[in-house]
Amino acid sequence: MNITSLIALQRFRGIGYKRVLKVAHEVPSDFNGFKEYVGFKFSRDEAETRHAWDQALQIIEQCENLRIRPVAVTDQTSYPKRLYSMDSKKPNPPVLYVKGSIDALHFDSLVISIIGTRHPTENGIRVAYDFGRFAAHNHIPVVSGLAYGCDANGHIGCLEHGGIAVAVMAHGLDMVYPPEHLSLADQIVEQNGCLVSEYPPGVPITRWSFVDRDRLQSGLSDSVIVIQTGKKGGTHHTAKFAKNQGRRIFCVQPTIDESRHPAVAGTYDIIQYQDAKWISMPEQLFSMIGNQTEYGNQTDSRQEQLQLGF
């Protein structure tokens, strides 16, 4: 497996995801072959190549020490199949970093993302929790960004009822942001879920990494549930990515009392511009996207495997 080669390619300036993905299956896995390949293909000299290779080896060592698993796009057994259908304008990462159970990324049945504002109403907090609880009871993994508000409460509802959660991070997995959610992140890993990032350890948060994180949230899901959102915020990015990726998008119908609240003002825009549909309660999911038995039966064996530690 050429995991070292792919990480090393990403260390070069001027070689982005699209170029790495284009050559991912042909780049050699040994240093001498890699050196000759990048010298011919990308006109890189030996010193620059050695530096990139050494950086890749350091990253792999860090991952081993932190119990993080780097997964190459060429590893079709471990790399999440849903990410192969990412929007070409924002392609899937050549290397994905996973902490926890990688099986959480390989459910063959329904996976949902629960997202929304960091400042929901009291009802929004309850609804996010209820969707997480419903997902757990029906063996549906919950993907989110571990952010304050809707994201965290969706995860809490899922975890408190024995469900599987996946948190997509906007930084290297040597840290947790926000730091107040460190225990929540630990619980996700302990309950057979995982933390996911496209960044190696040591990479800090940037303004744009949150946007990149948003596309992975939808990319790892089949349906995106918007609990509440204002006129601006990362939820709009996730919804836009979801539409481009062909994912289903649902917005929770505001109550009459909430209809003019700033926390829900953006849901109307997502309904209008991102081909989303209204949903009032979690139980509607199956009637809107499929039969409960169809999804539930398909997940039982996978759920048993996770509980047994496979």
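The basis for the numbers below is simple: all heavy atoms, side chains too, and nothing from hydrogens, waters or symmetry mates.
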Between atom CZ of F31 and atom CD of E36, what is the distance when rounded to the nearest 0.5 Å? 10.0 Å
Output, in order, the C-alpha distance, side-chain angles, deciding distance and verdict of side chain to side chain contact (heavy atoms under 4.5 Å, CB included) for M86 and F241. CA-CA 9 Å; M86 293 278 282; F241 287 129; over 6 Å; no
Is there a path from M288 to V252 through hydrophobic residues (I, L, V, M, F, W, Y) whose side chains come within less than 4.5 Å of each other? yes
Using the side-chain hydrogen bond (donor to acceptor under 3.5 Å, both in side chains) rule, pick out the option among S218, S85, S113 that qualifies with R247. S85
Taking the cut-offs as 6.0 angstrom to the six-membered ring centre and 45 degrees off its axis, would you call R82 and F107 a cation-pi pair? no
Nearest non-hydrogen partners of D45 and E48, listed with the distance: OD1-N, 2.8 Å
Looking only at atom types and distance, does a side-chain atom of H119 sit under 3.5 Å from a main-chain N or O of A263, one as donor and one as acceptor? no
L6 vs V20 side-chain heavy atoms within contact, under 4.5 Å: yes
Taking side chain as C-beta onward, heavy atoms only, is V143 less than 4.5 Å from V111? yes
Listed once per pair and sorted, the salt bridge (Lys or Arg N to Asp or Glu O under 4.0 Å) pairs that draw on residues 179-207, sequence neighbours left out: E198-R215
Between R69 and S78, do the side chains contain an N or O donor and an N or O acceptor separated by less than 3.5 Å? yes
Any idea how H137 and H161 line up, ring-wise: parallel (<30°), tilted (30 to 60°), or perpendicular (>60°)? perpendicular
Between I164 and S101, is any pair of side-chain heavy atoms under 4.5 Å apart? no
Test side chain to side chain contact (heavy atoms under 4.5 Å, CB included) on V166 and C194 and set out the steps. CA-CA 5 Å; V166 174; C194 64; 4.1 Å; yes
Compare every heavy atom of P80 with every heavy atom of L220, then report the nearest pair and how far apart it is. CD2-CB, 3.8 Å
Is the closest basic N to carboxylate O distance between E46 and K35 below 4.0 Å? yes
If Ile, Leu, Val, Met, Phe, Trp and Tyr residues are connected whenever their side-chain heavy atoms lie under 4.5 Å apart, and connections chain through other members, are I270 and F210 in the same group? no
Q10 vs Y17, side chain to side chain contact (heavy atoms under 4.5 Å, CB included): CA-CA, chis, key distance, verdict: CA-CA 8 Å; Q10 293 182 265; Y17 279 10; 3.3 Å; yes
Non-hydrogen side-chain atoms of F42 and L9 separated by less than 4.5 Å: yes
Between D174 and Q62, does any side-chain donor sit less than 3.5 Å from a side-chain acceptor? no
Closest non-hydrogen atom pair between I289 and S223, with its separation: CD1-OG, 3.9 Å
Look at atom NZ of K240 and say whether more than 12 heavy atoms of other residues, nucleotides or ligands are closer to it than 6.0 Å. no
Between L105 and I102, is there a side-chain heavy-atom distance shorter than 4.5 Å? yes
Locate the shortest heavy-atom distance separating A136 from G162; write the atom from each residue and the value. CB-C, 4.5 Å
Applying side chain to side chain contact (heavy atoms under 4.5 Å, CB included), run through L285 and F250 and close with a yes or a no. CA-CA 9 Å; L285 272 175; F250 300 97; 4.2 Å; yes
For the CZ atom of R213 and the NE2 atom of H237, what is their distance to the nearest 0.5 Å? 10.5 Å
Give a yes or no on whether the backbone of E283 and the side-chain of S287 come within a donor-acceptor separation of less than 3.5 Å. no
Y97 side chain near L195 side chain, heavy-atom distance below 4.5 Å: no
Ignoring hydrogens and geometry beyond distance, is a side-chain donor-acceptor pair present between N2 and T74 at under 3.5 Å? yes
Check the hydrophobic clustering (I, L, V, M, F, W, Y; side-chain heavy atoms under 4.5 Å; chains of links allowed) and say if L21 and V95 are grouped together. yes
Please examine the side chains of L146 and I188, heavy atoms only from C-beta on, and report whether any two atoms are closer than 4.5 Å. yes
Going by the angle between their ring planes, with limits at 30° and 60°, are H171 and Y177 parallel, tilted or perpendicular? perpendicular
Name each donor-acceptor pair under 3.5 Å that joins a side chain in residues 272-282 to protein atoms two or more places apart or in another chain, with its distance.
none

So how far is it from Y129 OH to C158 SG, rounded to the nearest 0.5 Å? 10.5 Å
Nearest heavy-atom contact between L66 and P201 is CD1-CB, 4.0 Å
Spacing of C63 atom SG and E61 atom CD [to the nearest 0.5 Å]: 10.5 Å
Atom CD1 of I15 and atom NZ of K22: how far apart are they, to the nearest 0.5 Å? 13.0 Å
Hydrophobic cluster membership, V168 vs M175, 4.5 Å side-chain cutoff: no
Has the side chain of R67 got a donor or acceptor atom that lies under 3.5 Å from a matching backbone atom of K99? no
Within the distance-only criterion (no hydrogens, no angle test), does the side chain of Q191 pair as donor or acceptor with the backbone N or O of A165 below 3.5 angstrom? no
First locate atom OG1 of T117, then atom CD1 of I227, and finally report the distance between them rounded to the nearest 0.5 Å. 11.5 Å
Closest non-hydrogen atoms of A8 and A56, given as atom of the first, atom of the second and distance, are N-CB, 3.6 Å
What I'd like to find out is whether the side chain of Q228 reaches to under 4.5 Å of the side chain of E258, using heavy atoms alone. yes
Are the side chain of D151 and the backbone N or O of S144 linked by a donor-acceptor pair below 3.5 Å? no
What about I7 and L216, same hydrophobic cluster or not, with Ile/Leu/Val/Met/Phe/Trp/Tyr joined at side-chain heavy-atom distances under 4.5 Å? yes
